[in-house]
Amino acid sequence: MQASAFVAGKKVGNAVRRNRAKRRLRALFRESEARLVPGIYILVAKAPLLETDFSQLQNDWNTALKRSRALSR
C-alpha cells in the first residue's frame with residue numbers, strides 16, 4: 001500500500017497556483033505509482049514547478065525516482 005501527500009506552501013503563490021502545482025505533482029505520481037516501492041510519499045511543490053514544461057518535469061521526476069531507489073526492480 002502506498003500513501004501520498006501533496007503540499008504547496010504560500011511561497012508557490014495564491015490558491016490557484018498552489019492547486020495547479022499539486023495537480024501537476026499528482027499527475028506525475030499517478031503515472032509511476034505502479035512502479036514505486038510501497039511506502040509513504042510526501043511531495044512538496046516549489047514555485048519553479050509551474051514554469052517548467054511537463055515533459056521536463058517527467059524527465060526530472062524519473063531521474064529523482066531512480067536516484068532515490070524508489071522504483072521497484
Quiz prompt | Nearest heavy atoms of Ala47 and Lys11, plus distance in Å | solution = CB-O, 4.3 Å
Quiz item: With no hydrogens and no angle check, is any side-chain donor or acceptor of Asp53 less than 3.5 Å from a backbone partner on Ser55?
Solution: no
Quiz prompt | Side chains of Arg67 and Asn62, donor plus acceptor under 3.5 Å | solution = no
Practice problem: Locate the shortest heavy-atom distance separating Phe6 from Lys22; write the atom from each residue and the value. | Solution: O-CD, 3.4 Å
Self-check item: Contact check, side chains of Val7 and Leu43, non-hydrogen atoms, under 4.5 Å
Solution: no
Self-check item: Distance-minimising heavy-atom pair for Val12 and Ala21
Solution: CG1-CB, 4.1 Å
Practice problem: Test Glu51 against every option in Lys46, Arg24, Arg17 by the salt bridge (charged side-chain N to carboxylate O under 4.0 Å, His left out) rule and name the one that passes. | Solution: Arg17
Quiz item: With Phe29, which of Glu31, Arg26, Glu33 fulfils side chain to side chain contact (heavy atoms under 4.5 Å, CB included)?
Solution: Glu33
Quiz item: Could you go step by step and tell me if Asn59 and Phe54 meet the side-chain contact (heavy atoms from CB on, under 4.5 Å) rule?
Solution: CA-CA 9 Å; Asn59 290 338; Phe54 195 73; over 6 Å; no
Quiz item: Any chance the side chains of Asp60 and Gln56 put a donor and an acceptor closer than 3.5 Å?
Solution: yes
Quiz item: Do side-chain atoms of Ser68 reach the backbone of Leu65 as a donor and acceptor pair under 3.5 angstrom?
Solution: yes
Quiz item: Does the side-chain contact (heavy atoms from CB on, under 4.5 Å) test come out yes or no for Leu71 and Val37, once each step is laid out?
Solution: CA-CA 6 Å; Leu71 294 175; Val37 173; 5.9 Å; no
Quiz item: Looking only at atom types and distance, does a side-chain atom of Ser4 sit under 3.5 Å from a main-chain N or O of Tyr41, one as donor and one as acceptor?
Solution: no
